[in-house]
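Right, one structure below, let's go through it.
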Amino acid sequence: MKKKIFTSIRINACIEEVWQTLTDFENYSEWNPFIKSLSGEVKKGNQITVKLQGMTFKPIVTAFDKHKEFKWLGHLLFKGLFDGEHRFYLKENRDGTTTLEHSENFNGVLVMWFSKSLDRDTQKGFEKMNQAIKERAERIAIQQVPIPL
């Protein structure tokens with residue numbers, strides 16, 4: 001069975017400021033309401049440790065393209081049982097804002113058992129994280145605007 005969660009948010013900050021916020025892994029515990037911590041050397045092919053509320057897993061980074069995309073693939077116990085490909089994708093808008101697409105593709109035999117929880121809890125978690133990234137990146141953007149004399 002397959003399932004996809006897709007969220008998107010427009011952020012009033014440039015792509016560099018949004019990327020800076022998204023990749024502020026050391027401070028996730030201070031501002032991120034969904035991912036409590038993310039540790040390890042984040043680069044393509046490496047295993048990282050991601051802690052959510054009540055769950056820790058060790059996915060493999062499948063993409064880490066500065067100012068564009070961060071993606072990982074994780075498995076519950078073994079491949080095919082409950083797999084998740086988590087993706088953050090940034091799009092630079094012509095007006096100086098950035099669109100963050102935050103999604104996950106789920107596959108495996110247990111997906112149907114978790115479907116309602118994914119729709120309810122995981123979707124809300126993504127939306128809360130998106131809002132936190134928006135608020136933090138916009139705060140950074142305001143601090144970096146020069147004040148005219």
Side-chain angles (χ1 to χ4, degrees), residues 1-94 96-141:
M1 181 168 183
K2 296 182 179 190
K3 181 165 198 58
K4 181 172 186 165
I5 293 177
F6 179 87
T7 63
S8 178
I9 193 166
R10 188 177 194 97
I11 301 171
N12 295 314
C14 70
I15 203 164
E16 292 84 4
E17 292 157 345
V18 177
W19 182 260
Q20 177 185 342
T21 302
L22 174 64
T23 59
D24 184 16
F25 306 127
E26 291 179 8
N27 294 308
Y28 266 23
S29 63
E30 295 173 19
W31 66 267
N32 193 326
F34 183 65
I35 301 175
K36 297 304 177 186
S37 73
L38 190 151
S39 58
E41 185 182 359
V42 181
K43 74 177 201 179
K44 188 174 180 180
N46 280 8
Q47 185 175 50
I48 57 174
T49 301
V50 178
K51 292 182 183 179
L52 307 175
Q53 288 181 331
M55 176 189 236
T56 299
F57 58 101
K58 296 186 177 198
I60 302 295
V61 176
T62 56
F64 194 68
D65 301 319
K66 189 174 184 178
H67 302 146
K68 187 174 183 180
E69 181 180 42
F70 174 31
K71 185 167 57 171
W72 70 66
L73 179 61
H75 310 284
L76 178 66
L77 300 176
F78 56 86
K79 188 176 180 180
L81 188 61
F82 186 82
D83 307 330
E85 182 183 55
H86 202 109
R87 182 179 191 226
F88 301 95
Y89 185 77
L90 303 180
K91 291 196 290 190
E92 192 168 20
N93 302 316
R94 292 184 180 174
T97 65
T98 303
T99 299
L100 166 65
E101 294 178 353
H102 183 181
S103 62
E104 190 152 3
N105 289 317
F106 298 95
N107 292 296
V109 296
L110 293 182
V111 170
M112 67 180 177
W113 296 103
F114 293 109
S115 186
K116 287 183 182 177
S117 174
L118 293 171
D119 287 338
R120 183 186 62 241
D121 303 329
T122 305
Q123 176 91 24
K124 284 181 187 172
F126 283 22
E127 291 167 356
K128 286 179 181 179
M129 181 175 175
N130 295 354
Q131 186 62 39
I133 290 172
K134 175 181 173 67
E135 291 169 6
R136 193 168 175 94
E138 289 176 354
R139 206 171 314 120
I140 292 169

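Along the sequence shown, the residues carry numbers beginning at 1. None of these values were measured; they are calculated from a predicted model.
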**Prompt:** Looking just at side-chain N and O atoms, do E135 and Q131 make a donor-acceptor pair shorter than 3.5 Å?
**Reply:** yes

**Asked** Out of curiosity, L100 CG to F126 CZ, how far, rounded to the nearest 0.5 Å?
**Response** 10.5 Å

**Request:** With the side chain counted from C-beta on, respond yes when F34 and K128 share a heavy-atom pair under 4.5 Å apart, and no when they do not.
**Result:** no

**Message:** Using a 3.5 Å distance criterion without hydrogens, assess whether the side chain of E85 forms a donor-acceptor pair with backbone atoms of E104.
**Reply:** no

**Message:** Before you tell me yes or no, could you show the steps for Q20 and I140 under side-chain contact (heavy atoms from CB on, under 4.5 Å), namely the whole-Å CA-CA distance, both residues' side-chain angles and the distance that decides it to 0.1 Å?
**Reply:** CA-CA 9 Å; Q20 177 185 342; I140 292 169; 4.0 Å; yes

**Asked** Quick one: are K3 and L118 in side-chain contact, heavy atoms under 4.5 Å?
**Response** yes

**Request:** Give me the ring orientation class for W19 and H67: parallel if the planes are under 30° apart, tilted from 30 to 60°, perpendicular past 60°.
**Result:** perpendicular

**Item:** Qualifying residues under salt bridge (charged side-chain N to carboxylate O under 4.0 Å, His left out), relative to D83, sequence neighbours excluded
**Value:** none

**Prompt:** Any side-chain heavy atom of R136 sitting closer than 4.5 Å to one from D24?
**Reply:** yes

**Prompt:** Once you round to the nearest 0.5 Å, how far does OG1 of T122 lie from NE2 of H86?
**Reply:** 9.5 Å

**Asked** Is D121 salt-bridged to K116, going by a charged N under 4.0 Å from an acidic O?
**Response** no

**Prompt:** Taking C-beta and beyond as the side chain, do E101 and F88 meet within less than 4.5 Å on heavy atoms?
**Reply:** no

**Request:** Side-chain contact test, heavy atoms from C-beta onward, threshold under 4.5 Å: evaluate it for I11 versus T97 and give yes or no.
**Result:** no

**Item:** Pair R87-S103, side-chain donor/acceptor within less than 3.5 Å
**Value:** no

**Asked** Considering all heavy atoms of both residues, which atom of I15 and which atom of K91 are nearest to each other, and what is their separation?
**Response** CD1-C, 4.2 Å

**Message:** Please tell me whether F25 and F70 form a close aromatic pair, meaning their ring centres lie under 6.0 Å apart.
**Reply:** yes

**Message:** Please report the interatomic distance NZ(K2) to CG(N107), rounded to the nearest 0.5 Å.
**Reply:** 5.0 Å

**Heavy-atom side-chain contact between I133 and V18 under 4.5 Å** = yes

**Complete:** Smallest heavy-atom separation, N32 atom then M129 atom, equals ND2-CE, 3.2 Å

**Message:** Please give me the minimum heavy-atom distance between E17 and A141, naming the atom from each residue.
**Reply:** OE1-CB, 3.2 Å

**Asked** Any chance the side chains of N130 and T7 put a donor and an acceptor closer than 3.5 Å?
**Response** yes

**Min side-chain heavy-atom separation V109-F82 under 4.5 Å** = no

**Item:** Whether Y28 side chain and L22 backbone form a donor-acceptor pair below 3.5 Å
**Value:** yes

**Asked** With a 3.5 Å cut-off and no angle check, do the side chains of E127 and Q123 form a donor-acceptor pair?
**Response** yes

Donor-acceptor pairs are to be reported for all side-chain atoms of residues 40-61 against protein atoms at under 3.5 Å, with residues two or more places apart or in another chain.
unit_1: N46; atom_1: ND2; unit_2: E41; atom_2: O; d: 3.0
unit_1: Q47; atom_1: NE2; unit_2: K58; atom_2: O; d: 3.1

**Prompt:** Do N93 and T98 have a side chain donor and acceptor closer than 3.5 Å?
**Reply:** no

**Asked** If we only count heavy atoms from C-beta on, is the T23 to F64 side-chain gap below 4.5 Å?
**Response** yes

